[in-house]
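Scope of the values below: all heavy atoms of this structure, side chains included, with no hydrogens, waters or symmetry mates. Note that the numbering runs from 1 along the sequence shown for the chain.
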Amino acid sequence: MKIAVASDHAGFQLKNQLRDRIAALGYQVEDLGPDSDARCDYPDFARPAAEAVAAGRADRAVLVCGSGIGMAMTANKVRGVRAVVAAVELQARLARAHNDANVLCIGQRLTTPTVAERLLEEFLQSEFEGGRHRARVAKIENT
């Protein structure tokens, strides 16, 4: 599985940590930036990552900014992307299992590195359950 990662300046440090964790877990990772913690705008990095998922160049993406909210709002503008902000493991697991989320957004200012790694692992290891959830996801896609 290939995972795209991106952040803005407020999420740069955690993005790098999660990028390394993704690789350590055996996944292929593509870092879409930025390359430093210099001030930048989250849409400039969230959009290319979301587009990579929508186009099938990445299976999932992990986006980090200060709160996770701006990244999620931007990513969800891309058709075929279902981005979620998660702060606890159950959110990450249910986002995959029930909503087939393909982009995880995390807030560096709100999440400890240890919790962020647990969110990441839940998101990567959980699978979509399908069944009754499939029709609901189809409704998301058609709105």
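In this structure, NZ on K15 lies 13.5 Å from NE2 on H9, to the nearest 0.5 angstrom. Note that OG of S7 is 7.5 Å distant from CZ of F45, once rounded to the nearest 0.5 Å.
V64 and L119 fall within the same hydrophobic cluster, where Ile, Leu, Val, Met, Phe, Trp and Tyr residues are linked whenever their side-chain heavy atoms come under 4.5 Å apart, directly or through other members. No path of Ile, Leu, Val, Met, Phe, Trp and Tyr side chains, each step under 4.5 Å between heavy atoms, connects L32 with M73, placing them in separate hydrophobic clusters. By the criterion of side-chain heavy atoms lying less than 4.5 angstrom apart, applied directly or through intervening Ile, Leu, Val, Met, Phe, Trp or Tyr residues, L104 is not grouped with I69; the two fall into different hydrophobic clusters.
Sorted by first then second residue, the side-chain hydrogen bond (donor to acceptor under 3.5 Å, both in side chains) pairs that include residues 76-90, not counting sequence neighbours, are R82-D100, R82-E141, E89-R118. Pairs of residues two or more places apart, or lying in two chains, that qualify as ring-ring contact (aromatic ring centres under 6.0 Å, His included) and include a residue from residues 121-143 are H98-H133. Applying the side-chain hydrogen bond (donor to acceptor under 3.5 Å, both in side chains) test to residues at least two apart or on different chains, the pairs with a partner in residues 44-56 are R47-E51.
Of all the heavy atoms in P34 and C40, the pair that sits closest is CG-SG, 4.0 Å. Nearest heavy atom pair, residue A49 against residue A6, reads CB-CB, 4.3 Å. Across all non-hydrogen atoms, the minimal contact from A101 to V84 is CB-CG1, 3.9 Å. For G68 against C105, the heavy-atom pair with the smallest separation is O-CB, 3.4 Å. Here the shortest heavy-atom pairing between A72 and V85 reads CB-CG2, 3.6 Å.
Under the 4.5 Å side-chain criterion, counting only non-hydrogen atoms from C-beta, S67 is in contact with L110.
Although no hydrogens or angles enter the test, the distance criterion places no donor-acceptor pair under 3.5 Å between the side chain of E117 and the main chain of T114.
Side-chain heavy-atom separations under 4.5 angstrom define the hydrophobic clusters, and the remaining members of the one that includes L90 are L94. Grouping Ile, Leu, Val, Met, Phe, Trp and Tyr by side-chain contacts under 4.5 Å, direct or through others, puts V103 with Y42, V53, L63, M71, V78, V81.
For E129, the CD atom counts as densely surrounded, since its 6.0 Å shell holds more than 12 non-hydrogen atoms of other residues, nucleotides or ligands.
Every salt bridge (charged side-chain N to carboxylate O under 4.0 Å, His left out) that D41 has, sequence neighbours left out, goes to R39. Partners of S126 according to the side-chain contact (heavy atoms from CB on, under 4.5 Å) rule, which considers only residues two or more places apart in sequence or in another chain, are R93, R96, E122. For Q125, the side-chain hydrogen bond (donor to acceptor under 3.5 Å, both in side chains) test picks out no residue, with sequence neighbours left out. Legend: residues meeting side-chain contact (heavy atoms from CB on, under 4.5 Å) with A116, ordered by chain and number and at least two apart, are L14, L18, I106, T111. For K2, the side-chain hydrogen bond (donor to acceptor under 3.5 Å, both in side chains) test picks out E30, with sequence neighbours left out. A search for side-chain contact (heavy atoms from CB on, under 4.5 Å) contacts involving N16 returns F12, R19, D31, not counting sequence neighbours.
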Which donor-acceptor pairs under 3.5 Å do side chains of residues 21-28 form with protein atoms, sequence neighbours excluded?
residue, atom, partner, partner atom, Å
R21, NE, E121, OE2, 2.9
R21, NH2, E121, OE2, 2.7

